[in-house]
There are 2 protein chains.
Amino acid sequence: MSITARSIETKTGSTPIAFPPSMIGNQKTSPLTTFAGGAEIYVPGEQAGNLYEVEFGAVRLHRLLSDGRRQVIAFYLAGETFGFEAERSHSFFAEAMVPTGVRISRQPDGQASPELLILALRGMMRAQEHLTVIGRQTAVERIVGFLLDMANRQGSLNHFDLPMSRLDIADYLGLTIETVSRVFAKLRAAGLIKLQSVRCVQIKDFQALGGLCA
Amino acid sequence: MSITARSIETKTGSTPIAFPPSMIGNQKTSPLTTFAGGAEIYVPGEQAGNLYEVEFGAVRLHRLLSDGRRQVIAFYLAGETFGFEAERSHSFFAEAMVPTGVRISRQPDGQASPELLILALRGMMRAQEHLTVIGRQTAVERIVGFLLDMANRQGSLNHFDLPMSRLDIADYLGLTIETVSRVFAKLRAAGLIKLQSVRCVQIKDFQALGGLCA
DNA sequence: CGGCCCTTTGATTCATATCAACGGTTGTGG
DNA sequence: CCACAACCGTTGATATGAATCAAAGGGCCG
């Protein structure tokens, strides 16, 4: 069964609750801030400058067009860092998709730490690779690629939780919720995956799935 | 009329010809290397580590899928810099689209210069914004946005050259060459642009075009 | 002048979106 | 403890924007 934290003290507003490090047990890191599923972490226009490292849970970055169309730019899982921007203020929404804990640190102001450069370069590469997915791949290719990426990022288990809804997946891959659902059904019918629950995917045939990627 | 350099000493191979600075007249910058239109500047797998600043001409970065589908990741015009990567080796093809001169400098090895960080963050932001274009915009929105972007980057002239072919534009925007051609025709028929030649666009109505963007 | 390549235009097809309805799960309140 | 409501996901029918297939112009170079 899928395990999702549901009893963690969380918040739905936008003012982080910071627990002192002593409460967490790790004296060296910044305090842990938690967010309820659906809670905004920051919004476009808000001043940037913090780095957010996901301790547990999952975060999405997205942008809205004026008529409501939405593009999810990236997902961040446990251990991953987000929040750095080229501009002074944020360009995207950052929202927790499930109960999530992040460690917030001040981005060295105007300083170019090697770590931040690596993050920026990797972020650029990820976005550039995602361009090919959205620009040139079919619905099946996009979703198979997405599932394999998720499996990798969760430690290459053949069995993992999707912390995001079908709508989030659709908006990440440039598809609709119905298309996502249909492709999942097709992969299941072909015996390539198994849905232990709506949010919990088991990969039955890595090799065959790999063959469906571009 | 459109002005395109055609008589410059260029090369079609992949070994840059470096002119000593004294030949160029600027003693402070790195030597100028020129490439013929269509010439490869680097290919995937090649060792990365150089920065390339476009002096004149235009470069495209692209990637190929195994079956030949192509995604153009970015265009670089005069004054813009490319070539930085998260990995040790290049992930993309870089090709001159027209006769092009670049200044190549060694990327400070493992060093995190503020300039490089800015480039990386801006590159990330550009790619992320392009995701929304490709993932959620219509053919007309993509092309109008592209034309306005090109106008901006060439100094907001209402009259500029496109250094790339229709195929390049299509592969950049996730469309086909035919769709690009039809949208151009439509914009021309609506009196919003004028094609002085295939490669030279005149913007007739910035405001109306802006209204067509998402 | 002739050939090649790029672009345009037209006819048709197709993948995915849209519209519509149903099903399953979760959480709540009587 | 059960009934209901809300939400999310699935499935089906139809519509449509862009792709594909096809062929006919230009412009440039040899």
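In what follows, every chain begins at residue 1, and chains take the letters A, B, ... in the order their sequences are listed.
Taking the side chain of A:Val198 as heavy atoms from C-beta on, and the options D:dG9, C:dT18, D:dC21, the nearest nucleotide is D:dG9. For A:Ile177, counting side-chain heavy atoms from C-beta on, the closest listed nucleotide (D:dG9, C:dT9, D:dA18) is D:dG9. Looking at the side chain of B:Thr179, the nearest of the listed nucleotides C:dT18, D:dT10, D:dA18 is D:dA18. For A:Glu178, counting side-chain heavy atoms from C-beta on, the closest listed nucleotide (D:dT11, D:dG9, C:dT9) is D:dT11.
In this entry the distance linking CG of B:Leu195 with P of C:dC6 reads 18 Å, nearest Å. Between the CD1 atom of B:Ile143 and the P atom of C:dT8 there is a distance of 10 Å, rounded to whole Å. As rounded to whole Å, 9 Å separates atom C1' of C:dT8 from atom CZ of B:Arg166. When rounded to the nearest whole Å, the span between CG of B:Leu162 and P of C:dC6 equals 16 Å. C:dT18 atom P lies 12 Å from atom CG of A:Leu167, rounded to whole Å. Regarding B:Arg69, its CZ atom lies at a distance of 13 Å from the P atom of D:dA19, rounded to whole Å. Rounded to an integer number of Å, the gap from B:Asp168 CG to C:dC6 P is 10 Å. In this structure, B:Arg199 places its CZ atom 15 Å from C1' of C:dT8, rounding to the nearest Å.
Comparing the end axes of the helix from C:dC1-D:dG30 to C:dG30-D:dC1, each fitted to five base pairs by superposing C1' atoms of four pairs onto the next four, gives an inter-axis angle of 30° (nearest 10 degrees).
Residue A:Tyr42 is tested with A:Phe35, A:Phe92, A:Tyr52, A:Phe93 for a ring-ring contact (aromatic ring centres under 6.0 Å, His included); the sole match is A:Tyr52. When each of A:Arg70, A:Gln71, A:Arg69 is tested with A:Asp171 by the rule side-chain hydrogen bond (donor to acceptor under 3.5 Å, both in side chains), just one qualifies, namely A:Arg70.
Between A:Arg153 and A:Glu80, at least one side-chain N (NZ, or NE/NH1/NH2) sits under 4.0 Å from a carboxylate O, which counts as a salt bridge.
Both B:Arg136 and B:Met164 lie near DNA chain C, and the one whose nearest nucleotide falls closer to the 5' end is B:Met164. Heavy-atom distances to DNA chain C give each of B:Arg182 and B:Ser165 a nearest nucleotide, and the one nearer the 5′ end belongs to B:Ser165. Across the interface with DNA chain D, nearest-nucleotide mapping of A:Val180 and B:Leu175 shows A:Val180 to be the residue nearer the 5′ end.
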Where do A:His159 and A:Gln202 land on the side-chain hydrogen bond (donor to acceptor under 3.5 Å, both in side chains) test, with the steps shown first?
CA-CA 4 Å; A:His159 178 278; A:Gln202 185 179 356; 5.3 Å; no

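Across all strands shown, B:Ser181 has heavy atoms under 4.0 Å from base atoms, whether or not it also approaches the sugar-phosphate.
Judged by the 6.0 Å distance and 45° axis criteria, B:Arg60 is not positioned over the aromatic ring of B:Phe82.
Between A:Tyr172 and A:His62, the ring centre distance reaches or exceeds 6.0 Å.
In this structure, a donor-acceptor pair under 3.5 Å is absent between the side chains of A:Ser89 and A:Glu46.
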